There are 2 protein chains.
Amino acid sequence: MGSRDAEATRRRLLKAAREEFAAYGIAGGRVERIAAAAQSNKAQIYHYFGSKDGLFDAVFDAMCRETVDAVPIDAENLPEYAGRLFDSYERRPWVQRIATWYRLERAGTGDLLSVVLASNEAKVQAVADAQARGVLPAHFPADVLLGLVIHLSGFWSSNVPEFDAVVAGHSTAARRQVVVDAVAALLS
Amino acid sequence: MGSRDAEATRRRLLKAAREEFAAYGIAGGRVERIAAAAQSNKAQIYHYFGSKDGLFDAVFDAMCRETVDAVPIDAENLPEYAGRLFDSYERRPWVQRIATWYRLERAGTGDLLSVVLASNEAKVQAVADAQARGVLPAHFPADVLLGLVIHLSGFWSSNVPEFDAVVAGHSTAARRQVVVDAVAALLS
DNA sequence: GCGAACTAACTAACCGTTTGATTAGTTACA
DNA sequence: TGTAACTAATCAAACGGTTAGTTAGTTCGC
């Protein structure tokens, strides 16, 4: 128990790495801090994950799998789908930041994550089907519509501080409602 | 001319820094590369800008001033305003990336840029006025509405590569139209 | 006691920042 | 006008701290 549990150590490292990378990104994140926060050792990181980049990949991969599982698409009710995405960001605040770091620091390097690609394709298909059935309007192509919905769901974590200062003071519930309403308006 | 023009050197450094920071961010950007790309010297950076962070601030500040000047708000026609923002991102592709690095790496450190704050406040006021006149619908508060419009204008530069791969193949004109249409839908 | 888990100490490279000196342009004065 | 004194611009080299990655040895469960 505790002191010699490889799986637990791996988990502690992953969790600490998630915090560190969410806060500082890949270039800014410090392996030493991650090891210390996980009450472990730098060498363990290289033993379990091979490299700093490998550690970030593991964090990102795990995060993507969780997110894909956590919020299945409901093409019949995209406003509520966006609301649930919003909820998932509230529950796991690192998701948006890690995804953004990934986009900025990892674009073009290495392969795309097939689990995410497949999930996106399936979601586009679900939207396209709903459009074909007439449940969803067709004034946007399915891929674009899905993209807009996902994009809007991240509205509140995308603003520069100078804008946040101007929009301050909305409750979580109100912020969620904005996302839901905005997606609903998109479908009108 | 050329070899001893302080202002020109400053400009070359700023331009090189803009490219470097847009590509790699603050932590990832390399002072050495910036100096080399500007055909100058590391020490010049410290002479003109004090520090790496000071250099980034100068880049960000200049960029904000340009953007604020380049795209004045037109509260009577928000879809077209969003379209013009989209155009400005196409023309100056580094804007969105620098703004994102700023948000991720600089949030909470130092003061907010008053030029941006003032511009945002004025824009919110313009939207609120238009709402009061009945030119704009009032189902979103003015600050939120403006935020959504700006957020939507950046739609195409905000997606993770795994999503870009799925939405590939839309022309610039089509992408612009999506932004305009999405904002129009928001106002319905 | 064997192998897996763990760790402190180490290293080699990197990188932001500074130094100290050189060069080019400008002013002042005879 | 000629030149000495001054200022601003430039740069190569070095410094000191940091950091990703490694090693070689120790501890512990089975």
Side-chain angles (χ1 to χ4, degrees), chain A residues 1-62 98 101-102 104-106 109-110, chain B residues 1-62 98 101-102 104-106 109-110:
Chain A
M1 182 74 339
S3 65
R4 288 271 154 154
D5 184 337
E7 199 48 47
T9 301
R10 229 186 100 97
R11 266 199 304 274
R12 287 204 318 279
L13 285 171
L14 270 177
K15 183 177 174 194
R18 181 223 283 156
E19 305 295 324
E20 178 76 10
F21 286 133
Y24 303 105
I26 305 175
R30 296 290 166 250
V31 173
E32 179 77 57
R33 277 202 297 254
I34 294 170
Q39 300 184 95
S40 180
N41 187 283
K42 266 203 294 182
Q44 297 287 66
I45 288 174
Y46 291 88
H47 176 240
Y48 286 118
F49 303 101
S51 68
K52 188 190 190 182
D53 283 346
L55 176 57
F56 180 85
D57 287 345
V59 167
F60 186 69
D61 189 271
I98 298 257
W101 290 116
Y102 176 77
L104 290 176
E105 303 196 89
R106 266 297 163 83
T109 75
Chain B
M1 187 63 340
S3 66
R4 285 268 155 160
D5 186 337
E7 200 48 48
T9 302
R10 228 187 101 96
R11 267 198 305 274
R12 288 206 314 281
L13 285 171
L14 269 178
K15 184 177 172 195
R18 182 221 282 155
E19 306 295 325
E20 177 76 9
F21 287 134
Y24 304 104
I26 305 175
R30 295 291 166 251
V31 171
E32 179 77 58
R33 278 201 296 254
I34 294 170
Q39 299 184 96
S40 181
N41 188 281
K42 272 201 288 184
Q44 297 286 68
I45 288 173
Y46 291 86
H47 177 237
Y48 286 117
F49 304 100
S51 68
K52 187 192 194 182
D53 283 346
L55 177 56
F56 180 85
D57 286 345
V59 167
F60 186 70
D61 189 272
I98 298 258
W101 290 115
Y102 176 77
L104 289 177
E105 303 196 88
R106 265 298 163 81
T109 74

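Keep in mind that what you see is a predicted model, and the values were worked out from it rather than measured. Protein chains get the first letters and strands the later ones, always in sequence-line order, with residue 1 at the start of each.
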* Choosing from dG16(C), dC6(C), dA5(C), which nucleotide comes nearest the side chain of Thr9(A)? -> dC6(C)
* **Which nucleotide in dA20(D), dT27(D), dC15(C) has an atom nearest any side-chain atom of Arg4(A)** => dT27(D)
* Taking the side chain from Glu105(A) and the backbone from Ala27(A), do they hold a donor-acceptor pair closer than 3.5 Å? -> yes
* Asked: Is there a donor-acceptor contact under 3.5 Å from the side chain of Trp101(B) to the main chain of Ala22(B)?
  -> yes
Taking salt bridge (charged side-chain N to carboxylate O under 4.0 Å, His left out) as the definition, give me every residue that meets it alongside [X], ordered by chain and number, with sequence neighbours left out.
X	answer
Arg106(B)	Asp53(B), Asp57(B)
Lys15(B)	none
Arg33(B)	Glu20(B)

* Structure fact -> If each end axis of the helix from dG1(C)-dC30(D) to dA30(C)-dT1(D) is fitted on five C1' pair positions, the angle between them, to 10 degrees, is 10°
In whole angstrom, give the distance that lies between atom [atom1] of [X] and atom [atom2] of [N].
X	N	atom1	atom2	answer
Glu7(A)	dC6(C)	CD	P	11 Å
Lys52(A)	dA13(C)	NZ	P	18 Å
Asp53(A)	dT19(D)	CG	P	16 Å
Tyr24(A)	dA20(D)	OH	P	13 Å
Ile45(B)	dA9(D)	CD1	P	16 Å
Glu32(B)	dA14(D)	CD	P	14 Å
Leu13(A)	dA5(C)	CG	C1'	12 Å
Glu20(B)	dC15(C)	CD	P	10 Å

If you look at every strand shown and take non-hydrogen atoms under 4.0 Å, does [X] touch a base, only sugar-phosphate, or nothing?
X	value
Gly29(B)	sugar-phosphate
Tyr48(A)	sugar-phosphate
Gly50(A)	nothing

* To do: Answer yes or no: is there a side-chain heavy-atom contact under 4.5 Å between Arg12(A) and Thr9(A)?
  => yes
* **Flag side-chain contact, heavy atom, 4.5 Å: Leu14(A) against Phe49(A)** => yes
* Asked: In B/S/- notation, 5' to 3', how is nucleotides 7-12 of chain C contacted by protein heavy atoms closer than 4.0 Å?
  -> BB----
* More than 12 heavy atoms of other groups within 6.0 Å of Tyr24(B) OH -> no
* On the 0 to 90° scale, with breaks at 30° and 60°, tag the Phe21(A)-Phe56(A) ring pair as parallel, tilted or perpendicular. => perpendicular
* **Sequence-distant partners of Asn41(B), side chain to side chain donor-acceptor pair (under 3.5 Å), two or more places apart** => none
* To do: Assign each of His47(B) and Arg33(A) to its nearest nucleotide of DNA chain D by heavy atoms, then name whichever residue's nucleotide is nearer the 5' end.
  => His47(B)
* Under 4.0 Å between a side-chain N/O of Tyr46(A) and OP1 or OP2 of dT23(D), yes or no? -> no
